[in-house]
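Counting convention: from 1, in listed order, for ligands and their atoms alike. In this chain, residues are counted from 1 in sequence order.
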Amino acid sequence: NTLNQGLSELKGDINVSFEFFPPSTPEMEKTLWKSVRRLEPLNPKFVSVTYGANSGVRDRTHSVIERIQQETKLTAAPHLTLIDACDDDLKLIAAQYWSSGVKDIVALRGDVPAGEASPQRYAADLVSLLRSVADFDISVAAYPETHPEAKNAQSDLINLKRKVDAGANRAITQFFFDIETYLRFRDRCVATGIEAEIVPGILPVTNFTQLKRFANQTNVTLPNWLHQQFSGLENDAETRQLVGANVAIDMVKVLAREGVKDFHFYTLNRAELTYAICHTLGVRGEA
Ligand code: FAD
């Protein structure tokens with residue numbers, strides 16, 4: 001059938017990366033490390049750890065990164081934001097990361113706290129700063145449906161080009177559900193002269209109520225078909241899990257057929273769905 005066409009030739013061709021966030025309770029901590037261990041044999045290109053978005057202080061990102069380095073074979077990539085740090089601090093953090101063996105960074109501006117004026121510093125500035133410190137592998141953020149603060153889609157795209165021209169190695173997209181939106185965005189990146197890979201950020205959905213909140217904050221469209229898929233499952237976590245896996249598996253199959261070779265997964269610190277999706281892409285643990 002067409003959904004599965006070409007998938008058998010994919011094996012070995014696909015690169016994946018996984019995103020985690022620092023846990024805030026002992027229970028969540030257990031879940032995180034179980035997930036890291038479960039996903040480790042899939043040999044991701046890197047695993048990234050968010051900063052601030054879900055938790056708070058930089059130290060928490062730091063200690064998760066450190067433990068990944070010490071206890072696993074994974075390449076750990078901290079997220080770093082410039083919103084609450086001056087350039088000297090950022091240079092120091094970058095130098096410390098580099099000397100502790102961290103060579104991969106996800107460079108972001110960070111969200112402006114509610115009520116504060118937008119700072120006139122952008123992620124492109126952080127990319128330049130990191131490049132001035134060491135030869136990091138740098139990922140930046142991209143927005144197929146346009147960043148909420150951008151003047152328009154074109155200026156947002158030019159900002160992405162600025163980040164890549166400043167030295168970013170790849171862009172990871174905000175999550176999305178309409179594949180056409182991603183594909184059109186990828187085409188527009190190419191037309192704008194952005195040569196870096198535009199890696200789709202895949203969010204396996206298990207909690208649709210929470211997703212509606214995320215999507216609202218981030219300008220991401222939830223198509224009608226997705227609402228329909230989850231409707232009536234508010235009190236049925238088990239079925240939501242199966243439906244969520246099915247939705248994401250269909251998405252990655254289409255993306256793979258469209259030539260996408262790199263996938264980034266917003267794991268939300270859970271392994272089950274991400275593992276299953278990777279499996280269908282031919283990304284398998286070592287025997
Ligand atoms: P930028 O690329 O700097 O863009 C921010 C806005 O400014 C855009 O609207 C852009 O169009 C506009 N802009 C850029 N340059 C200019 C200019 N010169 N003049 C005028 N406007 C300009 N947040 C966290 O706090 N912690 C995380 O760990 C985290 N991880 C993320 C991971 C991914 C993959 C993604 C997609 C997002 C993540 N975020 C995280 C969210 C991110 O910090 C926010 O979306 C933030 O509001 C923008 O960050 P950015 O790096 O895209 O900013």
Exercise for review: Taking only heavy atoms of A150 into account, list the atoms of ligand 1 that are under 4.0 Å away from them.
Suggested key: 9 (O), 11 (O)

Exercise for review: Could you see which bit of R109 sits under 4.0 Å from ligand 1, with heavy atoms only: side chain, backbone, both or neither?
Suggested key: both

Check your understanding: For V106 and ligand 1, does the shortest N/O to N/O distance drop below 3.5 Å?
Key -> no

Practice item. Pick whichever of Y122, Y51, F175, F21 has a heavy atom sitting closest to atom 28 (O) of ligand 1. Key: Y51

Point to revise | Lys/Arg cation over aromatic Y275: R38, 6.0 Å, 45° cone | key: yes

Study note, to complete from the structure: ligand 1 atoms nearer than 4.0 angstrom to some heavy atom of Y266 are 33 (C), 34 (C), 36 (C)

Practice item. Answer yes or no: does an N/O atom from H147 fall short of 3.5 Å to an N/O atom of ligand 1? Key: yes

Point to revise | Other residues, nucleotides, ligands: >12 heavy atoms within 6.0 Å of H279 NE2 | key: no

Exercise for review: Can you sort out which atoms of ligand 1 are near T50, meaning under 4.0 Å from one of its heavy atoms?
Suggested key: 28 (O)

Revision key, fill the gap. Checking heavy atoms under 4.0 Å, the part of R162 that sits near ligand 1 is side chain

Review point. What are the atoms of ligand 1, with element, lying closer than 4.0 Å to any heavy atom of N159?
Key: 1 (P), 2 (O), 4 (O), 10 (C), 14 (C), 15 (N)

Review point. Would you say N207 and L211 make side-chain contact, with heavy atoms under 4.5 Å?
Key: no

Review point. Does one side chain, of S139 or R170, offer a donor that lies under 3.5 Å from an acceptor on the other?
Key: yes

Review point. Just wondering, more than 12 heavy atoms not from E238 lying within 6.0 Å of its CD?
Key: no

Point to revise | Approximate separation, where rounding is to 0.5 Å, of H264 NE2 and N15 CG | key: 13.5 Å

Check your understanding: Between H79 and ligand 1, is there a nitrogen or oxygen pair with a distance under 3.5 Å?
Key -> yes

Exercise for review: May I ask you to check if ligand 1 and T81 share an N or O to N or O distance below 3.5 Å?
Suggested key: no

Review point. For G110, is at least one N or O under 3.5 Å away from an N or O on ligand 1?
Key: yes

Review point. Counting only heavy atoms, which portion of D156 has something under 4.0 Å from ligand 1: side chain, backbone, both, or neither?
Key: both

Practice item. If the plane angle is over 60° it's perpendicular, under 30° parallel, otherwise tilted; pick one for Y266 and F175. Key: perpendicular

Point to revise | Nitrogen or oxygen atoms of A141 and ligand 1 under 3.5 Å apart | key: no

Quick one: side chains of residues 74-97, donor-acceptor pairs under 3.5 Å with protein atoms, not counting sequence neighbours, listed by atom name and distance.
residue, atom, partner, partner atom, Å
H79, NE2, S48, OG, 2.7
D84, OD2, Y51, OH, 3.0
D87, OD1, R121, NH2, 2.8

Check your understanding: T173 to ligand 1: N or O pair under 3.5 Å?
Key -> no

Review point. Ligand 1 versus K151, non-hydrogen atoms closer than 4.0 Å: side chain, backbone, both, neither?
Key: neither

Check your understanding: Is the shortest heavy-atom distance from the side chain of V205 to the side chain of F230 under 4.5 Å?
Key -> yes

Point to revise | Contacts of R67 that satisfy salt bridge (charged side-chain N to carboxylate O under 4.0 Å, His left out) - sequence neighbours left out | key: E29, E71

Check your understanding: What atoms in ligand 1 come closer than 4.0 Å to a heavy atom of Y143?
Key -> 37 (C), 42 (C), 44 (C), 45 (O), 48 (C), 49 (O), 50 (P), 52 (O)

Review point. Atom CG in L273, atom CD1 in I202: separation rounded to 0.5 Å?
Key: 12.0 Å

